[in-house]
Amino acid sequence: MERSQGQLLAGMLDAAENAAPVEAVEAVTRELAAELSALSVSFLIADLSGRALVRLTHVHTGAFGGGRRSGDEAATVLPFDGGPAEQALRTQTVQVLGPAGGWTVLAPVTDRGEAIGLLEMVLPDEPQERTLRDIARTAHALAFVVIANRRHTDLFEWGQRTTSFTLSAEVQRRLLPSAFTCEASAFTLSGWLEPAASIGGDTFDYSLGRDVLHFSVTDAMGHGVASALTATLGVGSLRNSRRRGAGLVEQAATANIALAQNAVVPGAYVTAILGSLDLRTGVCTMLNAGHVAPLLVRDGNARELTLPGNFPLGMFTEADYRPAEISLEPGDRLVVVTDGMREREAAGLDLAARLRQMTELHPREAVRSLADAVLEIAGPVLNDDATLLMIDWHDLHVEGRRSSSGAEQARTSPPLPR
């Protein structure tokens, strides 16, 4: 007798919990394969570059002919080519292919808009609409299995890294939020960091309270390990103050003193945009500490926001800091970048024009498209980190979020222009 969706999800959770963290996803996919009589079931994790999927498999020595190996773990990179897998991930829609060798279903594995990967399932018969809905919900549940188990193992992180990390890149990655995208009823947020050949000390961060969204973008002076350590001190101070309930001025003042007194490199400083968005009113308070100006996209037009000038964090111990407020309107898009998006070779990118062209793109895809544009102009290897944080304001905080299988219903992105 076919089990209900609730029974299937319960069986998945039991299988995940009873397995070791490195085997949890395989245990869940075996459960799915048995339930749906699937010919095969696989999980493809999104590569950290945002430009490929990675198939993780456990193989015996000598049984794997390509890709990367770490002991018995193997990772095969599947670069995006504009095909169904890329479209499934980027548009957050289930794709069905067939019937050669069975019917292949590609379902996004997503949580709050964060595209974790794809569930790939090959079925012997053409799936009915109900089956596709069940697969989509199951893929959403698989997102939580991945999130819960990657805390305990390096397997998923190893699989996502198609290029090796330097020490400074490792330090920098630990400063970034665990999810680059967050969807809520009032806003949608996405961040992206395109690293330089020698890490430039960029970070972005956010934290969601009951009625407020905290965010920051920072850029530490210099490159390499020293820059990463300076960024660590700055971000650590900002997070510590924020978690104590401090406002933006106190956060900036505390980080300023912490950097001035403790920076590994004497005289090191951090530029920053600190922000606090009231989700009840749309009033966004921002503080600019020596950083490039943020941009506001409203009614298809992009303009720089003029904020009070302040010294970078750590430059002068006695510095004072002044914030400013801006009232967001429904449909507004706030964009914060680092100088790696505006200066040197990247200055050839008309950022305002690009932002006008992509108002319909989900922020998750817009930031990646902008990163691709910077690489085309200033790459293939960047001289400075290029970082973006994008926030779309919906003004629906009092309403419940409308989502389907972990992604917004109303903000499904069209395919990216290629």
Side-chain angles (χ1 to χ4, degrees), residues 5 8-9 12 16 24-57 67 74-147 156 159-160 162 181 183 361-362 364-365 368 403-409 411-418:
Q5 180 71 9
L8 174 58
L9 291 176
M12 286 176 52
V25 170
E26 291 181 44
V28 168
T29 54
R30 284 196 300 268
E31 184 84 8
L32 290 175
E35 179 66 26
L36 298 177
S37 300
L39 303 177
S40 67
V41 180
S42 300
F43 169 61
L44 310 178
I45 197 166
D47 165 64
L48 289 181
S49 74
R51 301 176 180 91
L53 289 162
V54 180
R55 188 188 304 278
L56 296 176
T57 53
T76 304
V77 179
L78 308 172
F80 284 153
D81 58 4
E86 180 178 359
Q87 294 307 316
L89 190 75
R90 293 196 162 185
T91 66
Q92 290 295 296
T93 55
V94 175
Q95 304 285 313
V96 181
L97 311 173
W103 293 81
T104 300
V105 180
L106 300 169
V109 176
T110 302
D111 171 56
R112 286 201 169 272
E114 176 76 357
I116 297 171
L118 289 182
L119 177 63
E120 179 189 67
M121 186 176 297
V122 181
L123 303 174
D125 303 308
E126 183 176 5
Q128 302 301 307
E129 191 63 33
R130 177 184 174 184
T131 300
L132 292 177
R133 287 197 301 268
D134 288 346
I135 291 174
R137 283 192 288 264
T138 301
H140 185 204
L142 184 59
F144 293 95
V145 173
V146 175
I147 291 168
F156 301 109
Q160 290 180 283
T162 51
T181 297
E183 294 177 348
L361 277 181
H362 188 289
R364 177 185 59 244
E365 302 307 326
R368 292 177 182 177
S403 66
S404 176
S405 301
E408 289 179 352
Q409 288 183 331
R411 286 302 308 273
T412 298
S413 300
L416 284 182
R418 301 194 66 82

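For this chain, numbers begin at 1 and follow the sequence in order.
Between Ile135 and Val94, the closest side-chain pair of non-hydrogen atoms is not below 4.5 Å. Looking at Gln160 and Val54, their side chains never come closer than 4.5 Å, going by heavy atoms from C-beta outward. Residues Leu56 and Phe43 form no side-chain contact, since every pair of their non-hydrogen atoms from C-beta on lies 4.5 Å or further apart. In this structure the side chain of Glu183 reaches within 4.5 angstrom of the side chain of His362, judged on heavy atoms.
Of all the heavy atoms in Gly102 and Leu39, the pair that sits closest is CA-CD1, 4.4 Å. Scanning all heavy atoms of the two residues, the minimum distance from Gln95 to Thr91 falls at NE2-OG1, 4.4 Å. Nearest heavy-atom pair, Pro108 versus Ala139, reported as atom, atom and distance to 0.1 Å: O-CB, 3.3 Å. Pairing each heavy atom of Val77 with each of Pro79, the nearest pair is O-CD, 3.4 Å.
Rounding to the nearest 0.5 angstrom, the gap separating the OG1 atom in Thr131 from the CZ atom in Arg133 is 9.0 Å. In this structure, Leu142 CG and Glu31 CD are separated by 12.5 Å, a value rounded to the nearest 0.5 Å. Taking NE2 of His140 as the start and CG of Leu9 as the end, the distance is 10.5 Å to the nearest 0.5 Å. One finds the CG atom of Asp111 at 4.0 Å from the CD1 atom of Ile147 (value rounded to the nearest 0.5 Å).
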Exercise for the section: Report the C-alpha distance between Leu32 and Met12 in whole Å, list the side-chain angles of each, state the deciding distance to 0.1 Å, and finish with yes or no for side-chain contact (heavy atoms from CB on, under 4.5 Å). Expected result: CA-CA 8 Å; Leu32 290 175; Met12 286 176 52; 3.8 Å; yes

What pairs of donor and acceptor atoms, side-chain ones from residues 113-128 against any protein atom, are under 3.5 angstrom apart with sequence neighbours left out?
from	atom 1	to	atom 2	distance (Å)
Glu114	OE1	Phe180	N	3.0
Glu114	OE1	Thr181	N	2.8
Glu114	OE2	Phe180	N	3.4
Glu120	OE1	Arg55	NH1	2.9
Glu120	OE1	Arg55	NH2	3.3

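Among residues at least two apart or in separate chains, salt bridge (charged side-chain N to carboxylate O under 4.0 Å, His left out) pairs with a member in residues 135-144 are Asp134-Arg137.
For the side-chain contact (heavy atoms from CB on, under 4.5 Å) with Pro84, the qualifying choice from Thr104, Leu89, Leu106 is Leu106, the only one to do so.
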